[in-house]
Amino acid sequence: MSASQIPNLNTLRRGGGRGRSGGRGLSRDGAGPRPSAGKDRVVQGTDNDASVSRLSAVGVGYLEDPFARGLTPPGLETRRLPIINRGTYVRTAAIDQLVHRFLSQTPEQKKQIISLGAGSDTRAFRLLSMQPRPDLIYHEIDFAVNTAAKIRFIRSTPRLQQMLGIGRPEDVTISDAGDALHSTVYHLHPLDLRFLKRSPDTTEAPDADQRPYLREVEATLPTLLISECCLVYLSPSEAADVVGFFTQTLFPSHVPLGLVLYEPIRPDDAFGRTMVSNLATRGIHLQTLHQYASLGAQRQRLQDQGFDGGQAAADVHFIWERWVSDAEKERVAGLEMLDEIEEWNLLAQHYCIAWAWRGRIGGGFEGWRDFDSQERGN
């Protein structure tokens, strides 16, 4: 496979999306310093890649997602390569499994999900359309330009409003700038992850601390953080500070907390070097990639950040082989011809899902251990 044929990393980003910061979810006009506005704008624009990839996978039949078209800008529809469609499918299906495991623990208990750099992600709408609807509060954080675009889609789509429980004007609050939205079950925050604080301090002098804060987060609820190609855009120290904000500042240590990451790995082999080079030509730099380059490094990272209940990680190739049933593999294989088996294996080995937890919810997050049997340290 020549260098020009190796797909750019971002074509595998979520539609299930970075999930995404360090780039995404980083800056809001007037809300904290803007240390690299030009780089931020580059990463902001990658959300279109995510939504187009998701829509492509839905159109071919890999995924069922009735909200994908409504959150993809018109005119961008493009059918992706089969290996990209399969990657989008595996990533989305795997994270969905972990999310549903989280929700299934003591299902009668209210829970909370916070998606970092959510962009055009549809997971909130898919979860809130389930019957019965889970007792769930869903938060998304991203750049103001991306949250404003999502709010425009919501405002123009009655079905999206219905999923969010918005039936009357008084059911929702939208900021004057049109970039923040708050309802009883869904909150969209145009915040910079690099400068978060817990809440405004009314005792401070004016302008003493202009860092943005998260509204309506319930710091006593069992909570799952999701970062799909989000923290990888931050420097290692910034990424650690973001996670530390949630583990050490926002949520008390006794509150059950989980984290799911989707990130690239293995940048130092031939495929990885080409992948990184392709992104660099677009001005995209993955700042934590070399520090957390292996499955073992990802696990250690999560342990170091206080997720002492357990840590696990597997690459997308392993997940395809072990998590997906034979019947589902046969269904997916019948959707379109995938001749590039070797290329698929290489691509899938360069992305991973890592997850970790602390505390208990009924049977506990430790039930997630069942998913991690890939050889440790790779």
Side-chain angles (χ1 to χ4, degrees), residues 14 16 19 21 91-118 123-124 127 134-139 141 193 214 217-232 239-263 265 288 292 294-316 318-319 322-323 352-374 376-377:
R14 146 161 76 102
S21 123
R91 180 194 67 244
T92 303
I95 294 175
D96 282 350
Q97 284 193 48
L98 293 172
V99 169
H100 287 297
R101 280 223 162 197
F102 166 73
L103 294 175
S104 68
Q105 298 295 331
T106 56
E108 70 282 358
Q109 184 175 15
K110 189 175 186 178
K111 297 184 180 69
Q112 186 168 242
I113 292 176
I114 301 176
S115 181
L116 309 179
R123 185 168 280 110
L127 290 175
D135 193 1
L136 174 67
I137 299 175
Y138 206 105
H139 296 263
I141 306 172
L193 290 173
L214 288 173
V217 170
E218 297 191 22
T220 61
L221 291 182
T223 297
L224 179 65
L225 307 173
I226 300 176
S227 169
E228 296 188 55
C229 278
C230 170
L231 297 177
V232 71
D241 286 346
V242 170
V243 177
F245 167 78
F246 293 103
T247 59
Q248 300 171 28
T249 301
L250 186 58
F251 292 100
S253 59
H254 66 273
V255 174
L257 185 65
L259 171 62
V260 174
L261 296 171
Y262 170 74
E263 293 193 351
I265 54 172
T288 68
Y292 307 121
S294 68
L295 298 178
Q298 290 283 0
R299 294 187 191 99
Q300 187 63 51
R301 162 196 198 177
L302 297 174
Q303 183 175 2
D304 292 344
Q305 296 230 248
F307 292 98
D308 53 8
Q311 316 83 32
D315 64 36
V316 167
F318 178 89
I319 292 170
R322 302 291 185 87
W323 294 22
C352 80
I353 293 176
W355 61 103
W357 58 94
R358 75 178 192 197
R360 290 177 173 271
I361 303 176
F365 291 156
E366 60 269 16
W368 293 5
R369 295 184 202 277
D370 301 342
F371 287 99
D372 179 34
S373 56
Q374 189 162 12
R376 298 222 158 224

Min side-chain heavy-atom separation Y138-S115 under 4.5 Å: yes
In Å and rounded to the nearest 0.5 Å, what is the CD to CG distance from Q305 to L259? 8.0 Å
With a 4.5 Å cut-off on side-chain heavy atoms, are Y292 and V232 touching? no
Residue pair T223 / V217, side-chain heavy-atom distance below 4.5 Å: no
Which value, rounded to the nearest 0.5 Å, describes the distance between R358 atom CZ and H254 atom NE2? 9.0 Å
Hey, are the side chains of L224 and V260 touching, using non-hydrogen atoms and a 4.5 Å cut-off? yes
Going by heavy atoms in the side chains, are R123 and I113 under 4.5 Å from each other? no
Is the shortest side-chain heavy-atom distance between V243 and L302 below 4.5 Å? no
Residue pair I353 / Q97, side-chain heavy-atom distance below 4.5 Å: no
Minimum side-chain heavy-atom gap L257-F307 below 4.5 Å: yes
Quick check: does any side chain N or O of K111 sit under 3.5 Å from a backbone N or O of Q105, one acting as donor and the other as acceptor? yes
Pairwise distance CD(Q311) to CH2(W357) - rounded to 0.5 angstrom: 7.0 Å
To the nearest 0.5 Å, how far apart are CG in L261 and CD1 in I95? 9.0 Å
To the nearest 0.5 Å, what is the distance between CD1 (I137) and CD (E218)? 3.5 Å
Interatomic spacing from CG in L193 to SG in C230 - rounded to 0.5 Å: 5.5 Å
